[in-house]
Structure formats: C-alpha cells, structure tokens
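Notes follow the structure.
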Amino acid sequence: MDHNTSSIGDLIKAFLKANKLEDKMEEVDFRGKWEEIVGPMIAKHTVDIRLNSGKLTLRLNSAPLRHTLSFSKSEFIAKLNAGIGQELIREIELK
C-alpha cells in the first residue's frame with residue numbers, strides 16, 4: 001500500500017490555491033490580527049476592513065484618524081506588513 005506523505009496543511013493550501021481562495025484566507029487571518037497589529041485605538045475606530053489583491057480598504061469612524069493616517073500611508077503599510085510577516089499590502093484606501 002502506498003502512503004501519501006502530504007500533510008493536511010499542504011492539502012488545504014493546494015485546495016485554496018486551486019479554488020482561488022488564498023486571498024480570502026489571508027484577509028481572514030489579517031482581520032484576526034488587526035487589533036494586535038494596529039493597537040486598540042485604531043482598532044476601536046475601524047468600521048470595516050477589506051483586503052483585495054494587495055489593496056487594503058479601511059473604513060474609519062474618525063475623520064481626524066483618517067486624516068492622520070492619510071499622511072503616513074507608507075509607514076502604516078510597512079507596519080501592517082511587518083505585523084503580518086509578509087508583503088501583503090501594497091496600497092491603502094481610507095474611507
């Protein structure tokens with residue numbers, strides 16, 4: 001009898017890739033780490049998070065926070081990518 005040596009993790013990754021669900025899983029992982037990465041103040045004012053093909057769309061309920069983040073987008077992107085351990089975000093849209 002031939003035993004398959006693929007791990008469950010490898011099989012799940014292959015399934016996600018075959019069904020083009022990798023981006024959605026990355027978004028779910030990212031959402032789960034949101035407060036840990038950005039801190040409680042930004043998390044408290046975050047209404048919605050969307051991540052699609054490297055573009056992060058944030059809806060914030062604080063105009064001053066949105067204004068502040070708009071001036072430091074590149075630093076914010078670097079902080080987010082460092083927090084998730086990969087270069088996932090290339091662009092941010094603040095609403």
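Reckoned from all heavy atoms, side chains included, excluding hydrogens, waters and symmetry mates.
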Walk me through whether Asn81 and Gln86 qualify under side chain to side chain contact (heavy atoms under 4.5 Å, CB included).
CA-CA 5 Å; Asn81 284 330; Gln86 60 179 315; over 6 Å; no
Main-chain N/O of Leu65 paired to Ser62 side chain as donor or acceptor, under 3.5 Å:
yes
Is there a side-chain contact between Leu58 and Asp48 (heavy atoms, below 4.5 Å)?
no
Looking only at atom types and distance, does a side-chain atom of Arg66 sit under 3.5 Å from a main-chain N or O of Lys95, one as donor and one as acceptor?
yes
Could you pull out the closest heavy-atom pair between Lys79 and Ile37, with the gap in Å?
CE-O, 3.2 Å
When His67, Lys73, Glu75 are each screened for side-chain contact (heavy atoms from CB on, under 4.5 Å) with Phe71, the one that passes is His67
Over all heavy atoms of both residues, which pair between Lys44 and Asn61 is shortest? Give the atoms and the distance, please.
O-ND2, 4.2 Å
Tightest non-hydrogen contact, residues Leu60 and Val47, listed as C-CG2, 4.2 Å
Hey, are the side chains of Phe76 and Val38 touching, using non-hydrogen atoms and a 4.5 Å cut-off?
yes
Name all pairs fulfilling the ring-ring contact (aromatic ring centres under 6.0 Å, His included) condition that reach into residues 32-57, sequence neighbours left out, sorted by first residue then second.
Phe30-Trp34
Do Leu88 and Leu51 have side chains that approach each other closer than 4.5 Å (heavy atoms only, starting at C-beta)?
yes
Tested for side-chain contact (heavy atoms from CB on, under 4.5 Å) against Leu56, the lone hit among Leu94, Ile49, Ile77 is Ile49
OG-CD distance between Ser53 and Glu91, expressed to the nearest 0.5 angstrom:
10.5 Å
d(Arg50 CZ, Arg59 CZ) to nearest 0.5 Å is 7.5 Å
Minimum side-chain heavy-atom gap Arg90-Lys55 below 4.5 Å:
no
